[in-house]
Protein chains: 2
Amino acid sequence: MILGKTTEYALSVLAYMATRSQDMYPAELLHRELKIPRHYLRRLLTDLSKKGFIASSRGRNGGFVFARELSMINFAQVIDAMEGEEAMNICLLGFTACIVDKPCAMHDLWSDARSKMAETLKNTSLADLREKYLNDKG
Amino acid sequence: MILGKTTEYALSVLAYMATRSQDMYPAELLHRELKIPRHYLRRLLTDLSKKGFIASSRGRNGGFVFARELSMINFAQVIDAMEGEEAMNICLLGFTACIVDKPCAMHDLWSDARSKMAETLKNTSLADLREKYLNDKG
DNA sequence: ATAAAATGCTACAAAAAGGTAGTAATTATG
DNA sequence: CATAATTACTACCTTTTTGTAGCATTTTAT
């Protein structure tokens, strides 16, 4: 598994919210639309609130909205928040092989590909996603 | 986690074997050198045998050796074998978001970075690793 | 032969991830 | 004020992954 299921759910939710134009997204709606297990989703949403990506409002007509500008949320941030900082910087040969022999022999060979991936994730915000989505549609 | 622990172990083992020059690698040696839990490693090695990367010989003086030329084993193959074919081709927004809206809005933006990563993994063999390792040392 | 050094196999335990259920707290609306 | 709609919290269950234990089997060296 490249990313955990929970991280995929998180990206799904944020991507969905970023590409629509409602002013409130209740858990139940997201559950229906994205087919993410109801209760599990609820916990995920709470978690995403605590992490500052979205904000919740309780009570009738409550739900979730973005807590910051779409342009201020990029994919690397989300993945970091969900998987831990190391996830993207990990040595593909495992720490052991990497540390034992000092600089992991593959770091050079891979750093290009890896850093390109990392840059792409860092440089792509939810605003970019929204823009692309709306353009592709119209 | 980007790759499962077991996959990292597998890469560690193969990388270790590829960069040394013994003609036999018993599990116990790999356990000592790589600090991978003894019994878990044993199962992993059996698994790697069944998958055709290495071959085992039992009995005294037994152990593991590569089952094919180093140049015939690349990193993509190992990752595929350990994580399943889909691991590298997965849609980062999760299948749901991807399918609901037909072509996932991000596929274009990411396909570059992702395919570069995939190519690198496919084009890098254990022979390349060995060569680089021995050059860096000497 | 026998003992030592290996792998193969099977069953189980522990930890992490994923998923379910229900109650409490909060808020808008009639 | 009462009710309905909503999030917050807590506890528990299931599945997958990781790790442990031990015995059976194979091979080599003495």
Side-chain angles (χ1 to χ4, degrees), chain A residues 1-13 17 22-67 79 81-84 86-87 94-96, chain B residues 1-13 17 22-67 79 81-84 86-87 94-96:
Chain A
M1 136 209 12
I2 290 292
L3 293 177
K5 221 166 195 179
T6 309
T7 303
E8 281 186 17
Y9 287 162
L11 291 170
S12 280
V13 166
M17 288 174 62
Q22 300 184 227
D23 40 50
M24 190 60 76
Y25 298 85
E28 197 56 23
L29 164 72
L30 297 168
H31 161 65
R32 270 200 317 273
E33 294 291 320
L34 300 173
K35 311 280 189 288
I36 300 170
R38 187 178 272 113
H39 289 82
Y40 198 62
L41 172 60
R42 296 267 301 275
R43 278 206 310 211
L44 170 59
L45 290 167
T46 302
D47 191 35
L48 288 172
S49 296
K50 288 186 174 157
K51 285 175 171 153
F53 295 112
I54 56 182
S56 69
S57 55
R58 298 168 73 159
R60 191 159 179 166
N61 296 350
F64 298 87
V65 292
F66 280 105
I79 294 175
M82 300 301 296
E83 301 273 342
E86 335 77 43
F95 296 120
T96 328
Chain B
M1 135 204 19
I2 290 291
L3 294 176
K5 218 167 198 179
T6 309
T7 303
E8 279 185 19
Y9 287 162
L11 291 169
S12 280
V13 166
M17 288 174 61
Q22 300 185 228
D23 40 50
M24 190 60 76
Y25 298 86
E28 196 56 23
L29 165 71
L30 296 168
H31 161 65
R32 269 199 317 273
E33 293 292 319
L34 299 174
K35 312 282 190 287
I36 300 170
R38 188 179 270 112
H39 289 83
Y40 198 63
L41 172 60
R42 296 265 300 278
R43 279 204 309 208
L44 169 59
L45 291 168
T46 302
D47 190 37
L48 287 172
S49 298
K50 290 186 174 158
K51 286 176 170 151
F53 295 113
I54 57 182
S56 69
S57 55
R58 298 170 72 159
R60 192 161 180 164
N61 296 351
F64 298 87
V65 292
F66 280 105
I79 294 175
M82 300 301 296
E83 301 272 341
E86 336 76 41
F95 297 119
T96 327

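FYI, side chains are in, hydrogens and waters are out, and symmetry mates aren't considered; it's all heavy atoms of this structure.
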Q) Is the closest side-chain heavy-atom distance between R38(B) and E28(B) below 4.5 Å? A) yes
(Q) Any side-chain N or O of K50(A) below 4.0 angstrom from OP1/OP2 of dC9(D)? (A) yes
Q: Using only side-chain N and O atoms of N61(A), determine if any of them is under 4.0 Å from OP1 or OP2 of dT6(D).
A: no
Q) Considering heavy-atom distances to DNA chain D, does R60(A) or T46(A) have its closest nucleotide positioned more toward the 5' end? A) R60(A)
Q) Within this structure, what is the CZ-to-C1' distance between R32(B) and dA5(C), rounded to whole angstrom? A) 13 Å
(Q) Between C1' on dT7(C) and CG on L30(B), what's the gap in Å once rounded to a whole number? (A) 13 Å
Q.
From CG of D47(A) over to P of dT10(D), roughly how many Å is that when rounded to an integer?
A. 14 Å
Q.
Counting the atoms with a prime plus P, OP1 and OP2 as sugar-phosphate, which does G62(A) contact under 4.0 Å by heavy atoms, base, sugar-phosphate, or nothing?
A. sugar-phosphate
Q: Would you kindly compare R38(A) and S57(A) by the position of their nearest DNA chain C nucleotide and give the one closer to the 5′ end?
A: R38(A)
Q: Examine dT18(D): is either OP1 or OP2 under 4.0 Å from a nitrogen or oxygen in the side chain of T6(B)? Give yes or no.
A: yes
Q) Quick one: H39(A) NE2 to dT14(D) P, roughly how many Å, whole number? A) 16 Å
Q. Rounded to the nearest 0.5 Å, how far apart are OG of S12(A) and NZ of K5(A)?
A. 11.5 Å
(Q) Using every non-hydrogen atom in the two residues, find where A67(B) and G52(B) come nearest and quote the distance to one decimal. (A) CB-O, 3.5 Å
Q.
So, under a plain 3.5 Å distance rule, would you say the side chain of R58(B) forms a donor-acceptor pair with the base of dG8(C)?
A. no
**Q.** Nearest-Å distance for atom pair NE2/C1', residues H31(B) and dT20(D)
**A.** 12 Å
Q. Would you say the base of dG19(D) and the side-chain of R43(B) have a donor-acceptor pair closer than 3.5 Å?
A. yes
Q) In whole Å, what is the span from the CZ atom of F64(A) to the P atom of dT26(C)? A) 16 Å
(Q) Within the 4.5 Å heavy-atom criterion, are L44(A) and M82(A) side-chain neighbours or not? (A) yes
Q) Would you say Y40(A) reaches dA21(C)'s phosphate, i.e. side-chain N/O to OP1/OP2 under 4.0 Å? A) no
Q) With sugar-phosphate meaning primed atoms plus P, OP1 and OP2, does S49(A) contact a base, only sugar-phosphate, or nothing at under 4.0 Å between heavy atoms? A) nothing
Q | Nearest heavy-atom neighbours spanning G4(A) and E83(A) | A | N-OE2, 2.9 Å
Q) Considering only dG19(C), dG8(C), dA8(D), which nucleotide approaches the side chain of P37(A) most closely? A) dG19(C)
Q) Roughly how many Å is it from OH in Y9(B) to C1' in dT17(D), rounded to a whole number? A) 11 Å
(Q) What is the distance, to the nearest angstrom, from the CE atom on M82(A) to the C1' atom on dA16(C)? (A) 14 Å
Q. Contact class for R42(A) (heavy atom, under 4.0 Å): base, sugar-phosphate, or nothing?
A. base
Q.
dT16(D), OP1 or OP2 - any side-chain N/O from K5(A) closer than 4.0 Å?
A. no
Q: Can you see which heavy atom on I54(A) is nearest to which on L45(A), and at what distance?
A: CD1-O, 3.7 Å
